[in-house]
Amino acid sequence: MPRPHALALASLLLAAIPGGIAATTPALTQSPAETLVRPAADQRLEDFRWQSRLVVVFADTEQDPAFTQQMRWIAERPEDLTTRDVIVLTDTDPASPGPIRQGMRPRGFSVVLVDKDGVVNQRKPFPQELRELTRAIDRMPVRQEEIRRQRFGG
């Protein structure tokens, strides 16, 4: 079951960005890049393979200061993530573990970066600034291939 407080926080943070993504729940109008922030509750990594990169943000509660900071940084420049085909999954309910939490087994706060091929490329036990996340994404093999194709028009 999605945590309404975590989604509300993400929605408020993203809605505060002028010209940014204002909706974070499927019931609202979606951008072509789909939803930037989603609950991880019933999601599976396989559902995103070869479609999207994932930034999975785990915390034991939506009031965790690290979780709040991470969501603020994501909200500052969501376009940096959407241009890299990133979807942010949040999970702030360890008592109700979904498939992703069960598979990744986080302890407390954690940010996990997953490439389009489903490979976990990075795990950090502290919030990651957007610049750090995008640099890590841009070093991923699948992203490197995308950049080469864009550069050479193929």
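If you're wondering where the values come from, they're calculated on a predicted model, not measured in any experiment.
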Margin query: Main chain of P99, side chain of R44: is a donor-acceptor contact present, judged purely on distance under 3.5 Å?
Written below: no

Margin query: Could you walk me through whether M104 and R123 satisfy the side chain to side chain contact (heavy atoms under 4.5 Å, CB included) test, starting with their C-alpha distance in whole Å, then the side-chain angles of each, then the deciding distance to 0.1 Å, before giving a yes or no?
Written below: CA-CA 10 Å; M104 293 186 178; R123 291 177 186 255; 4.0 Å; yes

Item checked: same_hphob_cluster(W73, M71) at 4.5 Å side-chain heavy-atom cutoff -> no

Item checked: Close side-chain approach of M140 to L113, heavy-atom, < 4.5 Å -> yes

Note to self: Salt bridge or not between D85 and R143? Use side-chain N to carboxylate O under 4.0 Å.
What the structure shows: no

Notebook entry, point to check: Ion pair present between D138 and R135, side-chain N to carboxylate O less than 4.0 angstrom?
Noted result: no

Next item on the list: Provide the closest heavy-atom pair for F126 versus F109 in the form atom of the first, atom of the second, distance.
Entry: C-CE2, 3.3 Å

Margin query: Is any side-chain heavy atom of R84 closer than 4.5 Å to one of T134?
Written below: yes

Check: Judged by atom type as modelled, is there a donor-acceptor pair below 3.5 Å linking the side chain of Q70 to the main-chain atoms of Q128?
Finding: yes

Note to self: Hydrophobic cluster membership, with links at side-chain heavy-atom distances under 4.5 Å among I/L/V/M/F/W/Y: are V120 and L89 in one?
What the structure shows: yes

Next item on the list: Taking S110 for its side chain and P106 for its backbone only, find out whether a donor-acceptor pair lies under 3.5 Å.
Entry: no

Next item on the list: Check each of V111, T92, I100 against F58 using the side-chain contact (heavy atoms from CB on, under 4.5 Å) test, and report the only one that passes.
Entry: I100

Next item on the list: Can you see which heavy atom on P127 is nearest to which on A66, and at what distance?
Entry: CG-O, 3.5 Å

Item checked: Sequence-distant partners of D117, side-chain hydrogen bond (donor to acceptor under 3.5 Å, both in side chains), two or more places apart -> none

Next item on the list: Using modelled atom types only, decide if a donor and an acceptor are shared between the side chain of D80 and the backbone of T82 within a distance under 3.5 Å.
Entry: no

Margin query: For D91 versus D93, what's the shortest heavy-atom pair and its separation?
Written below: OD1-N, 3.1 Å

Checklist line | Working for side chain to side chain contact (heavy atoms under 4.5 Å, CB included), residues I87 and L36 | finding: CA-CA 5 Å; I87 292 178; L36 178 62; 6.0 Å; no

Next item on the list: Identify whether L130 and V57 are in the same connected component of the hydrophobic contact network (ILVMFWY, side-chain heavy atoms under 4.5 Å).
Entry: yes

Check: What do the steps show when you test D47 against L45 for side chain to side chain contact (heavy atoms under 4.5 Å, CB included), and what is the final call?
Finding: CA-CA 5 Å; D47 297 338; L45 290 180; over 6 Å; no

Next item on the list: Nearest 0.5 Å please: distance from the CZ atom of R77 over to the CD atom of E129.
Entry: 10.5 Å

Margin query: I want to check something: taking the side chain as every heavy atom from C-beta on, are V86 and L54 in contact at a cut-off of under 4.5 Å?
Written below: no

Notebook entry, point to check: Residues in side-chain hydrogen bond (donor to acceptor under 3.5 Å, both in side chains) with D115, at least two apart?
Noted result: R53

Next item on the list: Check whether any side-chain N or O of S52 sits under 3.5 Å from a backbone N or O of F48 as a donor-acceptor pair, and report yes or no.
Entry: no

Checklist line | Side-chain heavy atoms of F67 within contact of D60, under 4.5 Å | finding: no

Item checked: Pair R149 + E146, salt bridge at N-O below 4.0 Å -> no

Item checked: Trace of the salt bridge (charged side-chain N to carboxylate O under 4.0 Å, His left out) decision for E132 with K124 -> CA-CA 11 Å; E132 295 165 352; K124 298 290 181 175; over 6 Å; no

Margin query: What I'd like to find out is whether the side chain of Q122 reaches to under 4.5 Å of the side chain of L133, using heavy atoms alone.
Written below: yes

